2 protein chains.
Amino acid sequence: MTIAHDSRTDAAPPALAEVMQRLGQRLSVAKDEGIFTQDDEADRVHLVVSGAVRTTRLLGDGRRQVAGFYYPGDLIGPETGALHRFSAEAVCDAAVLMVRRAALKAYAGEAGFERAFWEAARRELERTHDHLLVLGRKTACEKVASFLKSLALRQGADSASMPMSRQDVADYLGLTIETVSRMLTQLQGQSVVAFDGTRRFKVTRWDALEQMAA
Amino acid sequence: MTIAHDSRTDAAPPALAEVMQRLGQRLSVAKDEGIFTQDDEADRVHLVVSGAVRTTRLLGDGRRQVAGFYYPGDLIGPETGALHRFSAEAVCDAAVLMVRRAALKAYAGEAGFERAFWEAARRELERTHDHLLVLGRKTACEKVASFLKSLALRQGADSASMPMSRQDVADYLGLTIETVSRMLTQLQGQSVVAFDGTRRFKVTRWDALEQMAA
DNA sequence: CGCTGGATTGAGTCCGGTCAAGCCTTGTGG
DNA sequence: CCACAAGGCTTGACCGGACTCAATCCAGCG
């Protein structure tokens with residue numbers, strides 16, 4: 001497995017990815033299966049190998065907020081506290097590399113290693129700040145357009161796959177599945193994107209998508 | 001100046017605060033004056049000494065999202081990238097300590113120092129994740145209640161001051177000033193809080209406040 | 001005392017949520 | 001290979017919470 005470092009993604013930088021491959025234990029997770037749970041002891045670090053993973057937080061009455069989606073090469077929500085602040089589950093069948101934090105510590109001095117972890121955390125924070133702006137100040141249409149745009153950018157192509165369910169997207173954007181569905185229909189009607197099945201789409205008018213994402 | 005380390009706040013841990021006091025340049029900022037601007041080079045770190053500071057991001061058409069508020073002892077949005085991802089302005093007359101990042105580097109090896117910076121970044125990320133949940137999944141009333149609760153908790157007393165304007169609160173919570181105002185009136189009507197003037201309030205029923213914050 | 005700008009209140013609208021069908025895909029068993 | 005069931009997605013009708021626009025209030029200040 002080779003993991004390219006691409007500034008558009010949260011890909012773990014080479015130094016970190018390499019160490020994780022050396023020390024990590026591979027773990028297969030079925031769709032919707034948990035990887036860790038909120039308030040669990042956070043003594044392990046996880047790197048996505050294949051599939052996709054979501055991190056979530058729950059409100060007492062069941063309302064759910066998806067904090068982020070993670071793809072091959074991404075560190076799952078790099079945390080440094082004692083306990084996990086959210087849960088992580090597989091969005092579709094996935095595989096992750098898991099390594100004890102204590103084991104990673106041994107490499108703390110290695111060139112580029114410390115920095116690599118910092119980098120991952122920094123990107124996580126930046127992404128979360130972008131997410132804040134989307135949740136707080138964008139309309140339903142802008143939210144969905146932003147989401148499609150980021151999916152396509154991350155995959156670096158006009159055609160992109162969307163491995164998560166409508167419910168996952170809704171909980172990520174602070175909307176309902178019905179609204180997400182309507183906005184997708186609307187964007188298709190305006191020929192901004194074209195869906196091929198329910199989990200794959202192509203950007204047909206980048207300029208319009210950019211504009212609608214605000 | 002003594003800065004106590006309190007786990008309820010984003011207060012910079014002693015090691016970091018001490019170094020900043022030794023090396024830092026003191027800067028006075030008037031209400032609404034900028035401290036740094038989005039896309040500026042991020043070559044300095046700022047510690048709030050007095051007053052309060054907000055960090056903001058703007059959308060092209062002027063919509064604004066307040067990312068966070070910072071109080072005495074807090075590091076302002078610890079960033080590690082080359083450029084600032086947001087702007088920082090004084091919410092009211094304030095003073096900050098400013099130190100060049102390069103100067104801080106010299107202390108990278110000092111006991112507890114590295115860890116102190118990590119801690120600050122970690123708390124920033126945790127707080128931002130809480131903020132995500134509020135923006136994405138809470139109602140207007142719950143948002144305002146959560147905000148008042150966090151203000152009171154941070155100040156560790158039933159009576160708390162609210163240095164920022166209604167507009168700042170609205171942009172932090174993803175609401176309009178009118179809605180914020182209505183919710184404040186409503187919470188007062190239910191005797192959950194009592195305002196003394198427009199910038200100071202007292203929590204009269206903690207149980208109710210907790211419940212309304214969801 | 002009036003001026004000024006922030007805060008509150010009110011009336012009406014609209015965006016996104018709710019509830020309820022209906023559709024389409026996928027998988028399973030006959 | 002088809003029939004059928006199950007679950008996810010879409011669509012429609014309606015509703016209501018938050019927004020908009022506008023008037024008024026109020027505190028701070030010259």
Side-chain angles (χ1 to χ4, degrees), chain A residues 30-32 54 59 61-66 91-93 134-148 161-190 193-201 212 214, chain B residues 30-32 54 59 61-66 91-93 134-148 161-190 193-201 212 214:
Chain A
K31 178 167 150 67
D32 292 327
R54 65 174 175 257
L59 230 36
D61 60 2
R63 280 175 285 178
R64 190 180 72 149
Q65 176 67 44
V66 171
V91 152
C92 53
D93 291 350
V134 171
L135 285 178
R137 284 299 178 219
K138 291 196 181 178
T139 64
C141 185
E142 290 167 344
K143 285 175 175 181
V144 173
S146 304
F147 184 70
L148 293 181
S161 75
M162 193 168 72
M164 66 290 292
S165 70
R166 297 292 189 266
Q167 186 65 62
D168 287 334
V169 176
D171 288 344
Y172 179 76
L173 297 175
L175 299 170
T176 60
I177 42 174
E178 292 94 331
T179 301
V180 170
S181 185
R182 276 185 251 273
M183 294 304 123
L184 290 175
T185 305
Q186 184 183 319
L187 288 172
Q188 281 189 91
Q190 295 167 141
V193 295
F195 269 78
D196 168 22
T198 155
R199 302 286 176 96
R200 172 154 282 283
F201 68 94
M212 310 208 74
Chain B
K31 180 170 149 67
D32 292 327
R54 64 173 177 258
L59 230 37
D61 60 3
R63 279 175 286 179
R64 188 180 75 147
Q65 176 66 44
V66 171
V91 152
C92 53
D93 291 351
V134 171
L135 285 178
R137 284 299 177 217
K138 292 195 181 180
T139 64
C141 185
E142 290 168 344
K143 285 175 175 181
V144 172
S146 304
F147 183 70
L148 293 182
S161 76
M162 194 168 72
M164 66 291 292
S165 70
R166 297 293 189 265
Q167 186 66 63
D168 287 335
V169 177
D171 288 344
Y172 179 77
L173 297 175
L175 299 170
T176 60
I177 41 174
E178 293 95 330
T179 300
V180 170
S181 186
R182 276 185 249 273
M183 294 305 122
L184 289 175
T185 305
Q186 184 184 319
L187 287 172
Q188 281 190 90
Q190 295 166 143
V193 295
F195 269 78
D196 168 23
T198 155
R199 302 288 176 94
R200 172 154 283 282
F201 69 94
M212 309 208 74

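When reading the values below, keep in mind they use all heavy atoms of this one structure, side chains included, and skip hydrogens, waters and symmetry mates. Order of the sequence lines sets the chain letters (A, B, ...), proteins ahead of strands, with each chain counted from 1. Keep in mind it's a predicted model, so treat the numbers as computed, not measured.
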- Whether A/R63 side chain and B/R137 backbone form a donor-acceptor pair below 3.5 Å: yes
To the nearest angstrom, the CD-P distance between A/E142 and C/dC15 comes to 12 Å
Between B/R166 and A/M183, whichever has its closest DNA chain C nucleotide further toward 5' is B/R166
When rounded to whole Å, the NZ to P distance for the pair B/K138 and C/dG17 reads 18 Å
Considering only heavy side-chain atoms of A/R199, the closest of C/dG17, D/dC9, C/dA7 is D/dC9
Between CG of A/L187 and C1' of D/dC9 the distance, given in whole Å, is 16 Å
Between CE of A/M162 and P of D/dG8 the distance, given in whole Å, is 14 Å
Phosphate OP1/OP2 of D/dC19: any B/T176 side-chain N/O under 4.0 Å: yes
B/R63 atom CZ is separated from C/dC15 atom P, nearest whole Å, by 13 Å
In this structure, CZ of B/R182 is separated from CD1 of B/I177 (nearest 0.5 Å) by 10.0 Å
Given A/M164 and A/F147, is the side chain to side chain contact (heavy atoms under 4.5 Å, CB included) satisfied, shown in steps? CA-CA 12 Å; A/M164 66 290 292; A/F147 184 70; 3.9 Å; yes
Rounded to the nearest 0.5 angstrom, the CG-OG distance for A/L135 and A/S146 is 10.5 Å
note: A/K31, atom NZ; C/dT26, atom P; distance rounded to Å ~ 12 Å
Of the candidates D/dT11, D/dA18, C/dT8, the side chain of B/T185 sits closest to C/dT8
Taken to the nearest whole Å, CG/B/L184 to P/C/dA7 is 10 Å
Side-chain donor/acceptor contact of B/E178 with base of D/dC21 under 3.5 Å: yes
Go through B/V144 and B/V169 one step at a time and tell me if the side chain to side chain contact (heavy atoms under 4.5 Å, CB included) criterion holds. CA-CA 8 Å; B/V144 172; B/V169 177; 5.6 Å; no
With hydrogens left out and only the distance checked, is there a donor-acceptor pair under 3.5 Å joining B/R182's side chain and the base of C/dG10? yes
*Hey, does B/I177 reach any base, or is it just sugar-phosphate, or nothing, if we go heavy atoms under 4.0 Å?*
nothing
To the nearest angstrom, the CG-P distance between B/D32 and C/dG5 comes to 13 Å
Of B/R137 and B/T198, the one whose closest nucleotide on DNA chain C sits nearer the 5' end is B/T198
B/T179 has its side chain closest, among D/dA18, D/dT10, C/dG16, to D/dA18
